[in-house]
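Heads up, the thing below is written out as structure tokens.
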Amino acid sequence: MGKKKTLNYAKYGYIFSIPFVVAYLIFSFYPIINTFLIAFSDLVGPARKDYNFLTGDIFENFKKVLDNPIFKKAFMNTLKLWICNFIPQMVIALLLTAWFTDTRSKVKGQGFFKVVFYMPNIITAATVAILFSTLFGDPVGPMNDLLKTLGFIDKPVKFLTKANVAQNIVIYIQTWMWFGYTMITLISGVIGIDPAIFEAAEMDGSNRFQTFIYITIPCIRTIMLFTLVTSLIGGLNMFDIPKLFIANSGPNYATYTTSVFIQSKAFEGRNLRNEAAAASLIMFVIIVICSAALFYIMRDKDEAEARKLRKQALKQAKLASKGV
Amino acid sequence: MASNGKVKLSSGAQKLETARLVFIYVVCVILTVLCLAPFWIMLVNSTRSSASIQEHAISFIPSKYLMDNWSKVLKQSFNPFTGFKNSIIVSTCSTALAVYFSSLTAYAISVYEWKLKNAFFSFIVGVMMIPSQVTMIGFYQMAYKFGWNNQLFALFLPAIASPMMVFFMRQYLQGALSHEIIQSARIDGAGEFYTFNKIVLPIMKPAIATQAIFSFVSSWNRLFEPMVLISADEKKTLPMMVSLLKGDTYKQEFGCIYLGLFLTVLPLIIVYLLLSRYIVAGVALGSVKG
């Protein structure tokens with residue numbers, strides 16, 4: 001009887017999933033296919049509704065993008081901006097996590113600090129970009145004012161016309177926006193660890209540093225992987241801040257990222273939609289490879305080893321039962 | 001137990017302990033200043049006259065030129081009312097759609113036994129991480145073909161399919177929903193749809209509240225999609241208008257720039273001041289389950 005009932009209700013599983021499936025097919029699945037097709041087409045210009053596939057070299061758009069020095073520059077920028085903001089962000093977040101989750105002495109005012117540190121993350125990135133470019137403006141930006149008042153400089157500095165400085169400010173903004181988020185994520189991971197483990201470590205005479213390195217970090221490995229992968233995907237798609245921080249991406253394309261490349265190729269100038277589509281597919285493949293590699297590197301090695309052994313044992317048992 | 005179990009520290013170790021705590025507080029206070037200073041400067045400077053900002057760009061005391069700046073802001077191309085209206089429409093609709101349909105989809109996955117259930121769930125997890133940069137050019141081409149560009153619905157209808165939110169809702173339902181409740185509703189003769197709306201949705205309230213906040217904030221902040229789809233001035237959202245503040249019309253009007261910036265984030269700041277504890281807890285919740 002029970003079986004009959006579940007069979008009866010099964011159709012609601014399908015019915016309730018219909019809106020999601022339909023919306024996904026229209027707004028995500030079809031567009032992805034469309035992007036894929038456009039990458040092999042001659043779609044150029046702002047006002048074309050249809051496109052034809054390339055007849056000559058089918059990979060022409062991909063080749064053009066990969067040969068484009070500006071794309072290479074944008075890719076290197078994107079990588080640099082991501083790596084240089086991820087490392088300090090992770091270090092600060094880990095340090096704060098170690099302090100805030102310490103069982104031997106509680107840091108007071110934690111709730112307040114968490115709320116304040118997370119705040120930059122919630123504020124519109126577009127606004128943050130313009131705000132910082134105003135803060136670092138010359139000759140009357142607050143940063144110039146501060147440095148002058150403190151006596152570090154005599155005349156205003158043109159921060160945004162120096163490629164290196166511009167990049168570093170973008171890195172600073174990204175770190176500033178994300179360290180709080182990473183910290184809260186890591187803290188929640190530490191809270192989930194069984195307190196008995198820490199007690200046992202303390203009993204065995206492990207000091208704070210040892211406990212953090214040998215117990216806490218291995219226990220939050222999955223959460224660190226989660227943070228790493230989401231940050232990587234976000235970082236390789238970095239758009240809002242580089243797009244708005246300095247008009248035309250600053251001196252010598254200093255803050256030009258691949259997402260800005262894709263957007264400006266497709267919707268500005270000559271509207272080279274086909275090349276932009278090819279560039280976005282290239283980025284997608286890179287993201288998939290990177291996340292797969294990260295999962296592979298960070299996988300639980302003991303677990304993988306055990307699974308391998310189990311498989312082998314199973315195989316042998318099968319062979320034995322077949323009497324080979 | 002803590003007071004009994006505590007080993008008495010020697011005076012040297014105690015000093016070290018105090019020094020450590022002082023160091024922690026110093027670092028935290030520095031980080032607090034770094035986090036709040038840009039917003040404080042923005043807030044204070046939006047009340048100051050451009051002339052006094054030019055003299056000294058940093059001040060800690062608000063001045064009385066807020067209304068002055070306000071009337072100047074309104075005279076230029078930056079129209080906060082239109083942007084505000086469009087942003088509210090897009091954020092509210094996409095939040096409502098995302099929350100309702102994600103709950104419905106999550107309910108379908110976690111309550112009913114159907115053949116494609118597991119395949120469907122794996123699919124949702126698989127597509128969760130696909131960035132919008134990949135869909136956008138194809139999406140724009142489709143939207144352009146059907147005349148959907150410059151339509152606000154093109155910005156919020158896609159929220160019906162939010163894989164990430166379905167994933168979180170499903171995790172929540174697995175823990176919070178007991179099948180007895182659904183069984184007893186069925187015995188009482190409730191239809192499946194009625195059960196979902198009247199019994200399951202109220203149970204999901206805590207998850208809905210957290211997800212709604214995040215959905216609202218993220219769609220309020222969105223720049224890439226509107227920038228691609230919208231070109232008409234009267235359909236622009238607030239983040240798109242922010243870049244107008246850097247334009248030539250405001251070149252020397254620093255007070256106006258700061259006020260304009262402040263206006264774009266005012267709703268977020270209000271939401272955050274009221275709900276910060278829940279928001280921080282929500283970040284923690286989401287990551288543990290993810």
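A, B, ... follow the sequence lines: proteins, then strands. Residue 1 opens every chain.
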Pair B:Tyr100, B:Asn197: side-chain N/O donor-acceptor within cut-off below 3.5 Å: yes

Using a 4.5 angstrom heavy-atom cutoff, name the option from A:Gly180, A:Ala266, A:Ser28, A:Ser133 with the most pairs to chain B. A:Ser133

Among B:Tyr258, B:Phe193, B:Phe214, B:Phe196, single out the residue with the greatest number of heavy-atom pairs under 4.5 Å to chain A. B:Tyr258

If one checks every heavy atom of B:Leu116 against chain A at 4.5 Å, the contacting part turns out to be both

Comparing A:Val115, A:Ile32, A:Val107, A:Leu43 against chain B, the one with the most heavy-atom pairs below 4.5 Å turns out to be A:Val115

Per-residue tally against chain A (heavy atom, under 4.5 Å) across B:Ala159, B:Ser231, B:Gly138, B:Pro163 peaks at B:Gly138

Between B:Leu223, B:Thr105, B:Leu157, which has the largest tally of heavy atom pairs under 4.5 Å with chain A? B:Leu223

Contact part of B:Ile109 toward chain A, heavy-atom cut-off under 4.5 Å: side chain, backbone, both or neither? neither

Engaged part of B:Tyr140 at the chain A interface, taking heavy atoms whose separation is under 4.5 Å: side chain

Which bit of A:Asp102 comes within less than 4.5 Å of chain B, counting heavy atoms only: side chain, backbone, both or neither? side chain

Find the one option among A:Leu131, A:Ile233, A:Leu135 whose heavy-atom pairs under 4.5 Å with chain B are most numerous. A:Leu131

Is there a side-chain contact between A:Pro88 and A:Phe179, using heavy atoms and a 4.5 Å cut-off? no

Under 4.5 Å heavy-atom distance to chain A, tell me which part of B:Val217 shows up: side chain, backbone, both or neither. side chain

Atom group of A:Ile287 that falls short of 4.5 Å from chain B, counting heavy atoms: side chain

So, the part of A:Lys243 with a heavy atom under 4.5 Å from chain B: the answer is side chain

Tell me if the aromatic rings of B:Phe139 and A:Tyr30 count as close, with their centers under 6.0 Å from one another. no

A:Ile123 and B:Ile269, any side-chain heavy atoms less than 4.5 Å apart: yes

Mind telling me whether B:Phe120 and B:Trp114 have parallel, tilted or perpendicular rings, with 30° and 60° as the class edges? tilted

Pair B:Gln133-A:Ser280, side-chain donor/acceptor within less than 3.5 Å: no

Option in B:Ile279, B:Val228, B:Leu238, B:Leu104 with maximal non-hydrogen atom pairs under 4.5 Å from chain A: B:Leu104

Which atoms of B:Val111 come close to chain A, meaning under 4.5 Å heavy atom to heavy atom: side chain ones, backbone ones, both, or neither? neither

For A:Phe245, is it the side chain, the backbone, both or neither that has a heavy atom under 4.5 Å from a heavy atom of chain B? neither

Less than 4.5 Å to any heavy atom of chain A: does that hold for the side chain of B:Ile41, its backbone, both, or neither? side chain

Under a 4.5 Å heavy-atom cut-off, does chain B meet the side chain of A:Val21, its backbone, both or neither? side chain

Taking the six-membered ring where the residue is Trp, are the ring centres of A:Trp176 and B:Phe39 under 6.0 Å apart? yes

Among the options B:Gln141, B:Met240, B:Arg222, B:Met42, pick out the one with the most heavy-atom pairs lying under 4.5 Å from chain A. B:Gln141

Check whether A:Leu96 gets within reach of chain B through its side chain, its backbone, both or neither, counting any heavy atom under 4.5 Å. side chain

Taking side chain as everything from C-beta outward and backbone as N, CA, C, O, which of these in B:Leu268 sits under 4.5 Å from a heavy atom of chain A? Side chain, backbone, both or neither. side chain

Heavy atoms of other groups near B:Arg277 CZ, more than 12 under 6.0 Å: no

Measure up the A:Tyr118 and B:Tyr272 rings against each other and bin them: parallel (under 30°), tilted (30 to 60°), perpendicular (over 60°). tilted

One option among A:Met119, A:Lys114, A:Lys148 has the most heavy-atom pairs under 4.5 Å with chain B, and it is A:Met119

For A:Phe113, is it the side chain, the backbone, both, or neither that has a heavy atom closer than 4.5 Å to a heavy atom of chain B? side chain

Side chain / backbone / both / neither for A:Asp145 at chain B, heavy atoms under 4.5 Å: side chain

Checking A:Phe239 against chain B: side chain, backbone, both or neither under 4.5 Å from a heavy atom? side chain

Distance to the ring centre below 6.0 angstrom and angle to the axis at most 45 degrees; does that hold for B:Arg48 and B:Phe254? no

Just grab all the salt bridge (Lys or Arg N to Asp or Glu O under 4.0 Å) pairs involving residues 16-25 of chain A, residues at least two apart or on different chains. none

May I ask you to check whether B:Phe101 and B:Tyr107 place their ring centres under 6.0 Å from each other? no

Hey, which of A:Ile262, A:Leu95, A:Thr134 has the most heavy atom pairs under 4.5 Å with chain B? A:Thr134

Could you tell me which portion of A:Ile122 (side chain, backbone, both or neither) has an atom closer than 4.5 angstrom to a non-hydrogen atom of chain B? both

Using non-hydrogen atoms and a 4.5 Å limit, figure out which bit of A:Leu146 sits close to chain B: side chain, backbone, both or neither. both

Does any part of the side chain of A:Met183, heavy atoms only, come nearer than 4.5 Å to the side chain of A:Phe100, both counted from C-beta? yes

With only heavy atoms counted, which part of B:Val271 is less than 4.5 Å from chain A, the side chain, the backbone, both or neither? neither

Mind ranking A:Phe284, A:Phe132, A:Phe29, A:Phe36 by heavy-atom pairs under 4.5 Å with chain B and telling me who comes out on top? A:Phe284

Atom OH of B:Tyr278: over 12 foreign heavy atoms under 6.0 Å: no

Heavy-atom distances under 4.5 Å only: say whether A:Ser291 touches chain B with side chain, backbone, both or neither. neither

Check whether B:Ser162 gets within reach of chain A through its side chain, its backbone, both or neither, counting any heavy atom under 4.5 Å. backbone

Test item: B:Glu192 and B:Arg186 side chains (from C-beta on) under 4.5 Å apart, heavy atoms: yes

Given salt bridge (charged side-chain N to carboxylate O under 4.0 Å, His left out), test B:Lys145 with A:Asp50 step by step and report yes or no. CA-CA 8 Å; B:Lys145 209 166 161 178; A:Asp50 290 300; 3.4 Å; yes

Under 4.5 Å from any heavy atom of chain B - which part of A:Leu244: side chain

A:Phe16 side chain near B:Tyr112 side chain, heavy-atom distance below 4.5 Å: yes

Parallel, tilted or perpendicular: ring planes of A:Trp178 versus A:Tyr181, cut at 30 and 60 degrees: perpendicular

Can A:Arg208 and B:Glu17 be counted as an ion pair, charged N to O under 4.0 angstrom? yes

Let me know if A:Thr230 has heavy atoms under 4.5 Å from chain B in its side chain, its backbone, both or neither. side chain

Against chain A, work out which of B:Leu21, B:Leu36, B:Leu34, B:Ile53 has the most heavy-atom pairs shorter than 4.5 Å and name it. B:Leu34

Return the minimal non-hydrogen interatomic distance between A:Ile223 and A:Ser188, and the atom names on each side. CD1-OG, 4.5 Å

